[in-house]
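Data first, discussion second: the structure below is written as structure tokens.
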Amino acid sequence: MITKIPVIDLKQHQAVSGKSGMRDTYQPLKTIFAQSSNPVEIAQGLKLNGAKEIYIADLDLIESNGHNINDIKMVNTILPVIFDGGVKNLKSFEFFLDYAYKIIIPTETLESIEEMEKIFEKYPKERIVVSVDTKNNELLAKNLNMNLTEFKEELIKLNPNEIILLDITGVGTEKGYNKKLLDEFDQLKDKLIIAGGLNKQSLEELEKIGIKKVLIGTSLHSGEVKLLY
């Protein structure tokens with residue numbers, strides 16, 4: 001059975017929703033799991049409905065516009081948090097370890113492959129998730145001078161436990177998964193967590209081809225997709 005990991009994005013201490021990574025248009029999240037967009041209330045609702053962990057992105061931190069890390073720490077006492085705070089290097093990764101259960105290394109903000117290697121040398125793989133951020137089928141990386149295939153080769157060397165394959169273009173659209181992107185990473189399939197625009201039909205398709213985990217936001221919060229079968 002495919003594991004669905006609920007997603008929330010935080011901005012100014014509330015959960016927000018938006019489309020295709022256009023962060024300035026995000027609105028307070030409406031969810032069937034809580035009466036408000038308070039992240040702690042949402043986490044409690046998700047736990048009651050069978051969630052085992054939760055993915056949280058701190059949009060303020062990623063954009064260097066404040067932070068929500070105390071909210072993250074609170075949620076982490078309810079559900080283990082897989083946290084994206086825009087890690088740049090070993091130092092920022094270490095800082096976040098006190099706030100969440102697993103820390104994401106996103107290609108979008110990572111300073112260099114060397115910094116990622118340092119993290120893998122120092123910390124157990126159980127606490128590390130690499131996020132391959134893509135936009136229009138290209139690697140989204142401010143500081144890495146490489147393409148998707150080159151980054152994939154680095155991942156094969158490092159051999160992480162979990163790799164998020166994120167199609168930012170699809171976020172919030174419910175248009176389904178990106179087959180081209182998935183084919184590119186086929187040899188790492190057992191480690192993949194698929195994210196961005198997933199709907200009910202795509203979950204069934206992904207399960208058939210052997211994907212074990214997905215990140216799901218919009219279609220879960222609306223009630224279209226159930227957390228558990």
Ignoring hydrogens and geometry, is there a side-chain-to-backbone donor-acceptor pair from [X] to [Y] under 3.5 Å?
X    : Y    : result
D60  : Q12  : yes
H221 : I8   : no
N68  : D58  : no
S37  : L29  : no
K152 : E184 : yes
N76  : I72  : no

Can you pull the ring-ring contact (aromatic ring centres under 6.0 Å, His included) pairs that have at least one residue in [range], sequence neighbours excluded?
range            : answer
residues 57-79   : none
residues 162-187 : none
residues 107-164 : F93-Y123

Can you list the residues that meet the side chain to side chain contact (heavy atoms under 4.5 Å, CB included) rule with E150, with sequence neighbours excluded?
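With sequence neighbours excluded, E150 shows a side chain to side chain contact (heavy atoms under 4.5 Å, CB included) to M146, N147, given in chain and number order.
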Non-hydrogen side-chain atoms of [X] and [Y] separated by less than 4.5 Å:
X    : Y    : result
V132 : I164 : no
K52  : T3   : no
V81  : E53  : no
I103 : L97  : yes
V129 : I163 : no
D9   : I56  : no
S222 : I32  : no
N137 : N178 : yes

Quick test of your reading: applying salt bridge (charged side-chain N to carboxylate O under 4.0 Å, His left out), list the pairs with at least one residue in residues 155-171, sequence neighbours left out, ordered by first then second residue.
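Residue pairs passing salt bridge (charged side-chain N to carboxylate O under 4.0 Å, His left out), neighbours aside: K102-E162, E154-K157, E162-K213, D167-K175.
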Any pair counted as salt bridge (charged side-chain N to carboxylate O under 4.0 Å, His left out), so long as it reaches residues 75-99, sequence neighbours left out
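The answer is E94-K122.
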For L203 and V225, what are the C-alpha separation, side-chain angles and deciding distance, and is it a side chain to side chain contact (heavy atoms under 4.5 Å, CB included)?
CA-CA 9 Å; L203 293 181; V225 166; 3.6 Å; yes
Does [atom1] belonging to [X] count more than 12 external heavy atoms closer than 6.0 Å?
X    : atom1 : answer
K125 : NZ    : yes
N145 : CG    : no
E138 : CD    : no

When rounded to the nearest 0.5 angstrom, what is the spacing between [atom1] in [X] and [atom2] in [Y]?
X    : Y    : atom1 : atom2 : answer
L215 : Y55  : CG    : OH    : 6.5 Å
T218 : K30  : OG1   : NZ    : 13.0 Å
E41  : Q14  : CD    : CD    : 12.0 Å
I104 : T109 : CD1   : OG1   : 10.0 Å
K142 : D133 : NZ    : CG    : 10.0 Å

Of all heavy-atom pairs between [X] and [Y], which one has the smallest distance, and what is that distance?
X    : Y    : value
K191 : N161 : CB-O, 3.6 Å
L46  : I54  : CD1-CD1, 3.7 Å
P160 : V130 : CG-CG2, 4.1 Å
K189 : I209 : NZ-O, 2.7 Å
L144 : S112 : CD2-CA, 3.7 Å
S219 : N199 : OG-CA, 4.2 Å

List the steps and the verdict of side chain to side chain donor-acceptor pair (under 3.5 Å) for K118 and N89.
CA-CA 8 Å; K118 284 183 201 170; N89 49 33; over 6 Å; no
I would like to know whether L192 and L165 meet side chain to side chain contact (heavy atoms under 4.5 Å, CB included); could you show each step before the answer?
CA-CA 7 Å; L192 293 181; L165 202 51; 4.1 Å; yes
Carefully, step by step, assess L206 and I2 under the rule side chain to side chain contact (heavy atoms under 4.5 Å, CB included).
CA-CA 8 Å; L206 289 168; I2 204 162; 4.0 Å; yes
Distance-only donor-acceptor check, side chains S17 and Q27, under 3.5 Å:
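Side chains of S17 and Q27: no pair found under 3.5 Å.
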Tell me yes or no: between the side chains of S36 and N38, is some donor less than 3.5 Å from an acceptor?
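Note: S36 and N38 side chains miss the donor-acceptor criterion.
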For side chain to side chain contact (heavy atoms under 4.5 Å, CB included), just list the numbers for D71 and V40, CA-CA rounded to whole Å, side-chain angles, deciding distance to a tenth of an Å, and then say yes or no.
CA-CA 7 Å; D71 304 270; V40 173; 5.8 Å; no
Do Y101 and F95 share a hydrophobic cluster, counting only Ile, Leu, Val, Met, Phe, Trp and Tyr and linking them when any side-chain heavy atoms are less than 4.5 Å apart?
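No, no single cluster joins them.
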